[in-house]
Amino acid sequence: MNLRLYDTAAGDVRDFVPLEDGKVGIYVCGLTVQSEPHVGHVRSAVNFDVLRRWLLARDYDVTFIRNITDIDDKILAKSAEQGRPWYNLTYDMKRLLDKAYADLNVLPPTYEPAATGHVPEMLELIDLLVERGHAYAAEDGSGDVYFDVRSWPAYGELTHQSIDDMEPAEDADPRGKRDPRDFALWKGHKPTEPTTASWPSPWGRGRPGWHIECSAMASKYLGGAFDIHGGGVDLRFPHHENEQAQSRAAGFGFASYWLHNAWITTSGEKMSKSLGNSLLVPEVLKQVRGIELRYYMVAAHYRSHVEFSFEALQDAAAAFRRIEGFLERARTALPAEFHVGTSSGEEPWLSFAAAMDDDLGTPAAVAVIHDAVRLGNKQLTEKDEDGLKSTYAHLHAMLDVLGLNPFDAVWSGASGDDTKLTNAIDVLVAGLLEQRNEARAAKDWATADAIRDRIKAAGIEVEDTPDGPRWTIDGGSN
RNA sequence: GGUGGGUUGGCCGAGAGGCGAGGCAACGGACUGCAAAUCCGUCUACACGGGUUCAAAUCCCGUACCCACCUCCA
């Protein structure tokens with residue numbers, strides 16, 4: 001069985017064959033750190049995190065580079081608006097972004113290069129493009145350097161467009177451009193912009209254009225040719241088209257596969273257009289736990305639009321709690337010394353793997369997980385310990401691939417205070433449950449139910465099981 | 001104008017010629033003092049109009065509507 005991925009450049013699903021056996025290099029366009037991360041922003045990170053985890057599960061040696069863009073027009077505009085240095089804005093936003101990633105169990109990349117740390121590499125690349133006749137300094141003395149799209153016949157190949165069919169941008173400022181579609185590799189410093197946002201170059205002080213950073217950083221950390229380049233659909237054009245054009249014009253092979261994740265929208269429109277803060281990651285995490293939000297994202301295919309709604313989010317959370325509930329019951333039922341091994345060529349792993357190999361078919365993979373949960377619940381009631389061990393172990397392995405294993409240490413609070421608290425509650429609840437048991441033994445149902453209601457009022461759910469009552473804090477363990 | 005994607009049941013969300021993913025909700029049953037949880041069962045579908053085929057949600061043609069991108073965007 002082979003992994004197959006949808007490649008935007010090919011417009012179809014292709015067998016994944018890495019350039020070097022057993023190794024995969026991935027470059028993902030991260031965020032421009034100019035505002036607080038909302039749910040839409042983190043989807044991309046979650047989607048590509050799943051890709052990465054699946055490749056790791058397939059025993060690939062994965063190098064995963066995800067950049068941040070920390071200098072651009074918007075950053076300068078916003079920082080000016082907010083009356084603080086641009087580098088303070090980007091630094092703050094980056095810290096919030098890191099927190100959001102961590103809350104969603106997105107693995108840290110191998111490295112996270114920032115544009116401003118790679119100006120020399122970009123200048124080197126621009127120089128090479130000028131030398132090869134694919135770039136030119138603006139003729140109006142602005143200090144800009146442009147990529148010459150007409151000099152690169154393959155321009156448009158990634159998004160299957162021809163230059164002549166492209167609508168010139170309404171606000172295109174022709175300045176010193178030879179063709180309105182030429183794009184900036186380097187932007188000459190403007191007196192209205194802070195000098196801290198400019199770097200020396202052969203063309204005078206200035207700052208990098210948007211696209212060049214990814215070309216420079218990808219080749220620095222992954223080599224001139226690498227396996228997978230990812231990002232949101234909106235980046236296909238112009239960003240990725242331009243990246244590919246300039247890299248290939250410079251003589252690099254660049255990416256073999258292009259993967260693009262779809263949007264999360266609200267009321268049918270892009271989140272960036274939505275007003276209000278309710279979709280910022282920390283806000284959403286007031287309603288559901290990080291693992292539940294992640295489940296919501298993983299349960300949809302990465303190439304499908306997700307129409308965000310809190311109702312759907314709550315449904316997803318309920319579905320996830322079913323999985324979690326089983327795992328907790330199974331863990332209690334299994335001997336404490338039972339350790340989960342690695343998964344192998346058995347069901348349901350095989351079905352799960354087949355789903356994942358099919359262009360990361362997480363919806364089908366999640367269905368396999370639910371089937372396993374149903375089977376496991378049956379094994380639990382039938383006291384089929386061997387079967388239960390196997391199901392439990394497989395679920396661990398599958399959930400690990402999706403980054404959704406509730407027992408993963410990342411989901412529990414950072415402090416050890418949780419355990420203390422749990423123990424304290426356990427002692428208190430145990431006392432009440434003892435009273436309730438006495439009442440039940442005396443068939444005094446009114447008293448028994450009153451005690452249960454009282455515990456419930458504290459947000460603690462009591463369930464009677466064949467092995468006696470057990471309690472859980474409402475809505476999971478967060 | 002060009003390019004790409006979509007429309008599935010009460011809701012979410014897969015599938016891509018036959019064998020009805022899955023979850024949530026609802027209903028019935030089992031279990032329970034009652035619940036909860038769990039299990040078993042049931043129900044509501046493929047935007048519209050044609051066509052191809054023994055067989056279409058799936059392929060083809062057309063129509064409608066929606067979304068994204070065309071140099072700020074995850």
*Can you say whether the rings of A:Phe147 and A:Phe183 are parallel (under 30°), tilted (30 to 60°) or perpendicular (over 60°)?*
parallel
*Among the candidates B:G22, B:U71, B:G13, find the nucleotide nearest to the side-chain atoms of A:Ala367.*
B:G22
*Using the C1' atom in both, what is the distance from B:C66 to B:C59, to the nearest Å?*
24 Å
*A:Tyr111 OH: over 12 foreign heavy atoms closer than 6.0 Å*: yes
*Please measure how far the C1' atom in B:C11 lies from the corresponding atom in B:C48, and state the result in whole Å.*
23 Å
*With under 30° as parallel and over 60° as perpendicular, where do the rings of A:Tyr155 and A:Phe237 fit, or are they tilted in between?*
perpendicular
*Applying salt bridge (charged side-chain N to carboxylate O under 4.0 Å, His left out), name anything that partners A:Arg4, two or more places apart in sequence or on another chain.*
A:Asp15
_Which residues share a side-chain hydrogen bond (donor to acceptor under 3.5 Å, both in side chains) with A:Arg329, sequence neighbours left out_ = A:Asn377
*Counting any heavy atom closer than 4.0 Å, what does A:Tyr155 reach on the DNA or RNA strands: base, sugar-phosphate only, or nothing?*
base
*salt bridge (charged side-chain N to carboxylate O under 4.0 Å, His left out) with A:Glu193: which residues, sequence neighbours excluded?*
A:Arg207
_Under the side-chain hydrogen bond (donor to acceptor under 3.5 Å, both in side chains) test, residues paired with A:Glu241 that sit two or more places apart_ = A:Thr159
*Measure up the A:His229 and A:His240 rings against each other and bin them: parallel (under 30°), tilted (30 to 60°), perpendicular (over 60°).*
perpendicular
_For a quick check of understanding: with a heavy-atom distance under 4.0 Å over all strands, which category does A:His301 fall into, base, sugar-phosphate or nothing?_
sugar-phosphate
*Between B:G22 and A:His370, is there an OP1 or OP2 to side-chain N/O distance shorter than 4.0 Å?*
no
*Quick one: ring-ring contact (aromatic ring centres under 6.0 Å, His included) partners of A:His118, sequence neighbours excluded?*
A:Tyr221
*Which one, B:C34, B:A14, B:A68, comes nearest to the side chain of A:Arg436?*
B:C34
*Start at the 5' end of RNA chain B and walk down; is the nucleotide closest to A:Gly30 or to A:Arg236 reached first?*
A:Arg236
*Counting a pair only when it is Watson-Crick or G-U and both distances are under 3.5 Å, which runs of at least 3 such pairs involve RNA chain B?*
B:1-7 with B:64-70, B:10-12 with B:22-24, B:26-30 with B:38-42, B:47-51 with B:59-63
_Partners passing side chain to side chain contact (heavy atoms under 4.5 Å, CB included) against A:Asp464 (at least two apart in sequence or in another chain)_ = A:Arg436, A:Arg440, A:Arg452, A:Pro469
_Of the listed nucleotides B:A68, B:U3, B:G22, the one nearest the side chain of A:His160_ = B:U3
*asked:* Parallel, tilted or perpendicular, judged at 30° and 60°: which one describes the rings of A:Phe226 and A:Phe254?
replied: perpendicular
_Length of the line joining A:Ile264:CD1 and B:A74:P, which is rounded to integer Å_ = 13 Å
*Could you check which of B:A21, B:A74, B:C72 has an atom nearest any side-chain atom of A:Pro363?*
B:A21
_Rounded distance in Å between the C1' positions of B:G17 and B:A55_ = 8 Å
*Provide the distance between the two C1' atoms, one in B:G23 and one in B:G18, to the nearest whole Å.*
26 Å
*For the side chain of A:Asp72, counting heavy atoms from C-beta on, which of B:G4, B:A74, B:C72 is nearest?*
B:C72
*Name all residues meeting the salt bridge (charged side-chain N to carboxylate O under 4.0 Å, His left out) criterion together with A:Asp92; count only those two or more places apart in sequence or in a different chain, and write none if there are none.*
A:Arg84, A:Arg95
_Expected output is a numbered-order residue list: members of residues 445-455 of chain A with a heavy atom under 4.0 Å from any atom of RNA chain B. What is it?_
A:Trp445, A:Asp449, A:Arg452
*Taking the side chain of A:Ala318 as heavy atoms from C-beta outward, which of B:A74, B:C24, B:G2 is closest to it?*
B:C24
*Could you label the plane-to-plane angle of the A:Trp152 and A:His134 rings as parallel, tilted or perpendicular, counting under 30° as parallel and over 60° as perpendicular?*
perpendicular
_Side-chain donor or acceptor of A:Asn67 paired with backbone N/O of A:Pro113 under 3.5 Å_ = no
*Of all the nucleotides listed (B:G4, B:U71, B:A74), which has the minimum atom distance to the side chain of A:Pro238?*
B:U71
_Is it true that, when you exclude A:Glu139 itself, more than 12 heavy atoms of the residues, nucleotides or ligands shown sit nearer than 6.0 Å to its CD?_
yes
*Listed partners of A:His305 passing side-chain hydrogen bond (donor to acceptor under 3.5 Å, both in side chains), at least two apart*: none
*Can you tell me how far C1' in B:A45 sits from the matching atom in B:U58, rounded to whole Å?*
14 Å
*Please work out if A:Val462 contacts a base, only the sugar-phosphate, or nothing of the nucleic acid, heavy-atom cut-off 4.0 Å.*
base
_A:Arg66 charged N/C atom sitting above A:Phe48 aromatic ring, 6.0 Å / 45°_ = no
_Counting the atoms with a prime plus P, OP1 and OP2 as sugar-phosphate, which does A:Tyr6 contact under 4.0 Å by heavy atoms, base, sugar-phosphate, or nothing?_
sugar-phosphate
Atom pairs under 3.5 Å, N or O on each side, protein against nucleotides 9-12 of chain B: can you list them with distances?
none

*asked:* Looking at A:Thr32, I'd like to know whether one of its side-chain N or O atoms comes within less than 4.0 Å of OP1 or OP2 on B:A74.
replied: yes
*Give the nucleotide from the list B:A74, B:U71, B:A37 with an atom nearest to the side chain of A:Glu463.*
B:A37
*asked:* Using a 4.0 Å heavy-atom cut-off, does A:Asn47 contact any base of the nucleic acid, only the sugar-phosphate backbone, or nothing at all?
replied: nothing
*Pairwise C1' distance for B:U32 and B:C39, with rounding to whole Å*: 14 Å
_Between A:Thr159 and A:Asp182, which residue's closest nucleotide on RNA chain B lies nearer the 5′ terminus?_
A:Thr159
*Describe the nucleic acid contact of A:Ser162 in one word from base, sugar-phosphate, nothing, applying a heavy-atom distance below 4.0 Å.*
nothing
*Let me know the distance between CG of A:Leu279 and C1' of B:A74, rounded to the nearest Å.*
14 Å
*Look at all strands and tell whether A:Leu235 reaches a base, only sugar-phosphate, or nothing, counting heavy atoms closer than 4.0 Å.*
sugar-phosphate
*Among B:A68, B:C34, B:A74, which is the nearest nucleotide to the side chain of A:Asp464?*
B:C34
Contact list (N/O, under 3.5 angstrom) for nucleotides 39-42 of chain B vs protein:
from, atom 1, to, atom 2, distance (Å)
B:C39, OP1, A:Arg322, NH2, 3.2
B:C39, OP1, A:Asn377, ND2, 3.3
B:C39, OP2, A:Arg322, NH1, 3.2
B:C40, OP1, A:Lys378, NZ, 3.1

*Taking the P atom of each, how far is B:A57 from B:G49, in whole Å?*
13 Å
*Using the C1' atom in both, what is the distance from B:C43 to B:U3, to the nearest Å?*
43 Å
